[in-house]
4 protein chains.
Amino acid sequence: MPISVAVAGASGYAGGELLRLLANHPEFEIRVVTAHQNAGSPLGAVHPHLRSLAELVLQPTEARVLAEADVVFLALPHGASGAVTAQLPDDVLAVDCGADHRLTDEDAWAAFYGGEYHGAWSYGLPELLLDGGAAKQRDTLAGVTRIAVPGCNVTAITLGLAPGVAAGVVEADDLVSVLAVGTSGAGKSLRPDLLASEIMGSASAYAVGGTHRHTPEIVQNLTAAGGAGVSISFTPVLVPMSRGILATSTARLASGVSAAEVREAWQVAYADEPFVHVLPAGSFPRTSDTLGANTALMGLAVDENAGRVVVVSAIDNLVKGTAGAAIQSANLALGLPETLGLPLNGVAP
Amino acid sequence: MPISVAVAGASGYAGGELLRLLANHPEFEIRVVTAHQNAGSPLGAVHPHLRSLAELVLQPTEARVLAEADVVFLALPHGASGAVTAQLPDDVLAVDCGADHRLTDEDAWAAFYGGEYHGAWSYGLPELLLDGGAAKQRDTLAGVTRIAVPGCNVTAITLGLAPGVAAGVVEADDLVSVLAVGTSGAGKSLRPDLLASEIMGSASAYAVGGTHRHTPEIVQNLTAAGGAGVSISFTPVLVPMSRGILATSTARLASGVSAAEVREAWQVAYADEPFVHVLPAGSFPRTSDTLGANTALMGLAVDENAGRVVVVSAIDNLVKGTAGAAIQSANLALGLPETLGLPLNGVAP
Amino acid sequence: MPISVAVAGASGYAGGELLRLLANHPEFEIRVVTAHQNAGSPLGAVHPHLRSLAELVLQPTEARVLAEADVVFLALPHGASGAVTAQLPDDVLAVDCGADHRLTDEDAWAAFYGGEYHGAWSYGLPELLLDGGAAKQRDTLAGVTRIAVPGCNVTAITLGLAPGVAAGVVEADDLVSVLAVGTSGAGKSLRPDLLASEIMGSASAYAVGGTHRHTPEIVQNLTAAGGAGVSISFTPVLVPMSRGILATSTARLASGVSAAEVREAWQVAYADEPFVHVLPAGSFPRTSDTLGANTALMGLAVDENAGRVVVVSAIDNLVKGTAGAAIQSANLALGLPETLGLPLNGVAP
Amino acid sequence: MPISVAVAGASGYAGGELLRLLANHPEFEIRVVTAHQNAGSPLGAVHPHLRSLAELVLQPTEARVLAEADVVFLALPHGASGAVTAQLPDDVLAVDCGADHRLTDEDAWAAFYGGEYHGAWSYGLPELLLDGGAAKQRDTLAGVTRIAVPGCNVTAITLGLAPGVAAGVVEADDLVSVLAVGTSGAGKSLRPDLLASEIMGSASAYAVGGTHRHTPEIVQNLTAAGGAGVSISFTPVLVPMSRGILATSTARLASGVSAAEVREAWQVAYADEPFVHVLPAGSFPRTSDTLGANTALMGLAVDENAGRVVVVSAIDNLVKGTAGAAIQSANLALGLPETLGLPLNGVAP
């Protein structure tokens, strides 16, 4: 019998991508889709690219409606999940793509988000190294019923830096990461700066100077990986593409560590991962190679002159950065094969 | 009487941009345009956007031909300028947009470029602070007859970081800069990775790990500005736009320096500059705001948690990054008003 | 003494482009800039690309304020100009970039726009052929004080087809035109379909089936050029670029007309035009070659099998399609050289 | 037992897309991949987006190698297929994505392609109406062993116009079609006009005036559909996107036909099609809604004033335009379910 799923916030970009992936998942059956403003519309009017789901009608986002499903994926604005999930039965698997349940530190929540703190859920980044590599986050996900999906920028940076931090081959206290990010990460918000005329042919930075809300989540992850005194300067740069994150992350090389030891740390960390791949020396990823796929690609170099390791990691922000990670984590929680229903190959060119 | 000018390498992107700007310069008259493969063609066949120059015929790139002009702008591949300029009369003003005459350190030339070293010329970045801000590069350009125009990435990073380095409000020994760069910086080369199908919808890094040839030039500039032990990790990221560089540069905040002192350093450095502008706190530039203009815009933030200053600087790689800088420097060398013929306003959206 | 100018609706894309061009006009001095929502803001906050005008403060859009200037350029939403211009003194030169005063046929206005009809003004397309080529629209503009600037799509199609229609070498009664248009033509409207995420990587048609408001204006122009029974199927296609219109227009070849006679019609029509150029046989324009310029480029072919002439015409919708045409027409009305302050060369690549 | 397949020309864009789709096909097993210049390379070096196939090694394109498979997909430059396929055993199913076997008229081949004529194969457009709608091309494909896949522009135009032509609600003798096309249709050719710097921010037409090689194939299809005296003016416009074709096609409305009869013709034609969908009145497709999917979407309007029907059709040139059509046709030839392994949902935004 298929597992029934609901998607809350189905009219947004993350919701649409969840549906695109769920439509191909062999064990899941989409039973309920909900939205706020678009409730009552058929999905075909909101997401004309989802032909196979065109007749599904959006319902209002209410816990009562969502609770009809075995699994509830939430793709709501931050702040909105908490109220809904509080009313879901305990045995429903709730997977939240928003920020509400990511941070374990209430002070960090207060400082970067504010408003009511709803507590932390199991963190949906299976490949995250824990305790210097002694374990991975995957090991903690079997059987859980509450999962918080990481932020998309966080995933790109964490996957890029965690192996070196966990292995101690780089210093964790002066990390610098600059991301080229596509526009879909900002959602369908009607902001003048997101108009096509403003974006095409231009690059611009935002949340400069340590103000981005994803910052404490990166610190939380790299600390869990084993980093001491983790500190990061992180700047996202909006570039003219709909999807994709390319994170260029650097860390000071730890004293006495060779380039070979650096590469070894990353290769060991991801040797058996189905979705995370370290490219050969001299190769670096393009975001388009991950488009539509749950894949993270990364390349690695040691800059001996600057004394820094540089890691370039690429993901599709809507897949490995959001919807794919949600499904991957749900697979693990439910005891299904981790890769079920998740594309490995990107759509390029 | 107008000053006659020649453009060598007129069929490339830098050559085309020189011509676009020169066509509007009130004191210059374009007399000679030269090319290699396209010699014999009218300019209209090579640069259909340059309507006012469509009938000019490209001649072969030979010193004899170029020497007919009072001023020679060279937009040749690196390695090609040296041979040509050696044959130009001493009283011709030669302005080289290539790399051949930028580096004062022959070892750095050998390490990053190789081949014959042709010596360093006067460096064409008028706004570059010297000796902790005691002078500017502008002061050295009057009357010179040999000018080396900076690399485009170098200009974006140098202008961004020099004020802090010169004033000592940041440390110069662990700089990190990541650039979002448009494709025209790579020229018209027929490389598969520069095809539109590969570039659109994608971001990718290159020259990762300290291998980019612009690295020693940045060190040279920031050392001239007063930096001690300058070291930089610098990664360019190719993004889907034809023009523009957005450099996100960070430096460790010097001990005991306040955010106000940081801002002060930048504001003082560029207070009277016609082409370089520091945006108000909280504002950061878009590359499109500089498109077609000789303008550099920058925004500044202090990340107290990370202990780093972050500077975001935007230029048009073909204007302030190449052709505009060449003309600005030529203006100074010839005793003309520095801003003559150079657009301040970008073409946006 | 400079001629003082005002720009109403200065915060939009057309207003911004008027200002960019006016800032370089040797006879005009920008005295007043007005806006609706942004009144009170400095221009630098609204148009960060207009560095030379950054300190100008936007005033409210009122006739009293605008009347301080000798020339008033209006870049307001359609329907808004009429009320304002009714209060301007007769001796002020008013140049309206909106649709309010373009149509001579009140019924066409009612059918395609609706609302109060404000009457037709002198039509600001100087190159428009009249009466089979016996005259041009330019001849009617000297000394006028009320000018209606054509719609941008209209300009691309009219310039493309008028020579053949006027000369009778094509039939005017079954024209077909499909346009690739950039997003800035839709203005800064906060519409979901204009978000960058929706536009990049996609093409889509709108106003399909003869519903576009520019349709009667095209018919009006081609009838003025001498066409009998003018009828056109016209479809705009939104493509991922900020600026530019590429119109592919076809007309049935008139009976017994040779390909040479076809080309002759276009070449004669535009032989002496400073801004409109017919490319050699086999060459066709790119929109980027007109970016930022007041130039229209076109290429021409006869499809003998299909019995149709195909004309491909390119303009920058914000320049020759709007702001440039406004200034060109104002130059003519004021007895200034027609080309004053208007760029011929595009910004490419 | 899985059906073994080979892909010849696997290093190009069409070859890559075949592999992306084949990797998810439940009945096919990729056994052989071949290339010309890249023979010997692992697929991961050529198509880094195809992670699941990264280790496959490219072999030289020889009939002997290809004949190891049950099904051979050919994605070779036109002119190259003929020589290879002549050597394939008769019982191998050969599916050619090139032009070599599309045209039934040897004179048309000579006029538009030239070189040796290899004869026509079964035509791989299952939805093509035949004989006024009495049959569909699908009916002819069971059991065939030689299939010619249509050209991508041809598919967009044919699917758009065939219903009206077959039903006689439009005239077939003065069709006009203008296409916005993405760059991947031109392949990986190292042509200066395909460089990203030239394409981004620009639109341009090519093969203007009836010279495009796809022209006779369109005439062949619409004649097969039942059109009399089929004649078409067809102009492709290159726009800044990697994938996608948006065809705007118009035909004169037949005498006495109502708008309702027009819509009826299209709805009846595609009512049961899994991959071709007619959108509701007033809706028109975006190419991004078909990205990565084997779906064709179309919208329809009657322009009463112009007396023309306008059809806007969207496909992904690499999927429904090439690789998807190839697999769909192979499914039919082999007696598999037609939709097997083919995505219905696009990847958007």
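Each chain gets a letter, A, B and so on, in the order its sequence line appears, and its residues count up from 1.
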Original post:
Of the listed residues (C:Ala205, C:Pro285, C:Gly209, C:Gly307), which shares the most heavy-atom pairs with chain D below a 4.5 Å separation?
Top reply: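 The candidate making the most pairs under 4.5 Å is C:Gly209.
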
Subject >> Pairs of heavy atoms under 4.5 Å with chain D: top-ranked of C:Asp174, C:Leu175, C:Val312 >> reply: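 Highest number of pairs under 4.5 Å: C:Asp174.
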
Subject >> Portion of D:Thr250 that has a non-hydrogen atom of chain C nearer than 4.5 angstrom >> reply: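 The side chain, not the backbone.
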
Subject >> Proximal component of D:Val208, with respect to chain C [non-hydrogen, under 4.5 Å] >> reply: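 Contact with chain C: backbone and side chain both.
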
Region of [X] that comes under 4.5 Å of a non-hydrogen atom in chain D:
X: C:Pro240; result: both
X: C:Ser233; result: both
X: C:Ala314; result: neither

Subject >> Test salt bridge (Lys or Arg N to Asp or Glu O under 4.0 Å) applied to D:Asp193 and C:Arg286, step by step >> reply: CA-CA 10 Å; D:Asp193 59 321; C:Arg286 303 180 304 179; over 6 Å; no

Among the listed options [options], the residue most often paired with chain C at heavy-atom distances under 4.5 Å:
options: D:Ser204, D:Ala203, D:Ser231; result: D:Ala203
options: D:Gly210, D:Pro349, D:Ala301, D:Ser288; result: D:Ser288
options: D:Gly299, D:Ser242, D:Ser197; result: D:Ser197

Out of curiosity, [X] [atom1] to [Y] [atom2], how far, rounded to the nearest 0.5 Å?
X: D:Thr215; Y: C:Asp303; atom1: OG1; atom2: CG; result: 7.5 Å
X: C:Ile232; Y: D:Arg308; atom1: CD1; atom2: CZ; result: 11.0 Å
X: C:Phe284; Y: D:Thr235; atom1: CZ; atom2: OG1; result: 8.5 Å

Original post:
Testing D:Thr287, D:Val239, D:Thr290 for side chain to side chain contact (heavy atoms under 4.5 Å, CB included) with C:Ser202, which one passes?
Top reply: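 Among the candidates, only D:Thr287 passes.
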
